[in-house]
Amino acid sequence: MTHPLVPQIIDLATPVAEDLGLEVVKVVFHTNQSPPVLRIDIRNPTQDTGLSDCERMSRNLEANLDAAAIMTDAYVLEVSSPGISQELKTDREFISFKGFPVKVYTSSPHQGHSEWNGKLVSRDENNVYLNKKGRVIEIKRSNIQSVQLDEERD
């Protein structure tokens with residue numbers, strides 16, 4: 001269940017990230033830790049997300065969070081990149097992870113399945129192509145909910 005402050009935090013973090021040329025990927029507030037940990041995952045859409053991106057986002061977001069005063073108790077702010085467990089979205093990501101194991105989730109069943117595992121071959125305007133045991137599977141992009149790296153099959 002999402003913490004009730006997360007939507008407000010996203011509303012604060014998104015323009016900060018955009019001003020820095022970054023994207024907010026995920027916000028999680030871990031209240032089961034002492035002090036609680038507010039984790040913001042960011043991505044640099046033009047290059048690999050680096051430590052300097054995280055530092056810039058942290059400094060700028062911290063000032064905005066303090067000014068908004070929505071965080072009344074002590075907390076730890078962690079800004080990081082989402083790592084390779086992320087969903088593939090951009091052309092650059094599909095090119096970078098060609099040959100990697102992925103899971104493709106479809107909105108409606110494709111050939112009787114709503115989840116496909118295989119190695120990423122490519123993506124074009126209409127389809128995503130997977131290599132499944134030497135056979136290329138073609139799945140319409142309009143039917144795809146998400147494509148994620150499959151860390152279990154590395």
Side-chain angles (χ1 to χ4, degrees), residues 1-110 113-120 123 125-128 130 139-154:
M1 185 170 159
T2 302
H3 190 278
L5 288 179
V6 167
Q8 293 175 57
I9 294 166
I10 291 171
D11 288 346
L12 279 171
T14 300
V16 171
E18 288 172 353
D19 287 348
L20 298 171
L22 305 169
E23 299 172 346
V24 173
V25 176
K26 185 177 182 182
V27 175
V28 180
F29 195 28
H30 298 283
T31 56
N32 60 337
Q33 298 176 5
S34 183
V37 175
L38 174 59
R39 181 182 168 121
I40 315 266
D41 287 348
I42 59 164
R43 175 181 20 232
N44 186 324
T46 61
Q47 62 187 26
D48 289 339
T49 307
L51 183 58
S52 64
D53 293 320
C54 296
E55 289 171 349
R56 289 184 306 127
M57 179 67 180
S58 180
R59 274 193 308 275
N60 286 281
L61 180 59
E62 186 174 30
N64 284 23
L65 286 169
D66 289 346
I70 60 172
M71 308 290 285
T72 56
D73 296 323
Y75 67 96
V76 173
L77 175 62
E78 287 183 2
V79 177
S80 62
S81 65
I84 64 165
S85 63
Q86 67 193 20
E87 180 177 346
L88 302 181
K89 293 182 180 181
T90 66
D91 288 337
R92 181 172 170 251
E93 291 168 340
F94 276 86
I95 292 167
S96 296
F97 292 104
K98 178 181 177 182
F100 280 70
V102 294
K103 286 184 182 180
V104 176
Y105 298 94
T106 59
S107 302
S108 59
H110 174 73
H113 300 281
S114 293
E115 180 181 321
W116 287 86
N117 297 316
K119 293 199 176 184
L120 179 62
R123 173 177 88 160
E125 297 81 28
N126 301 311
N127 302 301
V128 169
L130 296 181
I139 304 171
K140 295 268 183 226
R141 285 179 66 174
S142 60
N143 189 29
I144 293 177
Q145 271 187 321
S146 69
V147 177
Q148 299 177 355
L149 290 175
D150 188 356
E151 295 175 331
E152 298 169 10
R153 298 189 190 273
D154 244 350

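All residue numbers in this chain count up from 1 along the given sequence.
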Taking the side chain as everything from C-beta on, heavy atoms only, tell me whether [X] gets closer than 4.5 Å to [Y].
X	Y	answer
L20	N60	yes
F100	D150	no
L38	H30	no
L130	N117	no
I144	Y105	no

Requested in this report: Not counting sequence neighbours, list each pair that qualifies as a salt bridge (Lys or Arg N to Asp or Glu O under 4.0 Å) and has a residue in residues 49-61.
Outcome: D53-R56
Query raised in the report: If you look only at pairs with a residue in residues 17-35, which of them pass as a salt bridge (Lys or Arg N to Asp or Glu O under 4.0 Å), with sequence neighbours excluded?
Result: E23-R43
Query raised in the report: Hey, does the side chain of S96 reach the backbone of R92 with a donor-acceptor pair shorter than 3.5 angstrom?
Result: yes
Requested in this report: Say whether, by atom type as modelled, one donor and one acceptor occur between the side chain of R141 and the main chain of R123 under 3.5 angstrom.
Outcome: no
Query - Test item: side-chain donor near acceptor, N143 and S108, under 3.5 Å - result: yes
Query raised in the report: For the side-chain contact (heavy atoms from CB on, under 4.5 Å) test, which of I10, L12, L5 pairs with Q8?
Result: L5
Query raised in the report: ring-ring contact (aromatic ring centres under 6.0 Å, His included) with Y75: which residues, sequence neighbours excluded?
Result: none
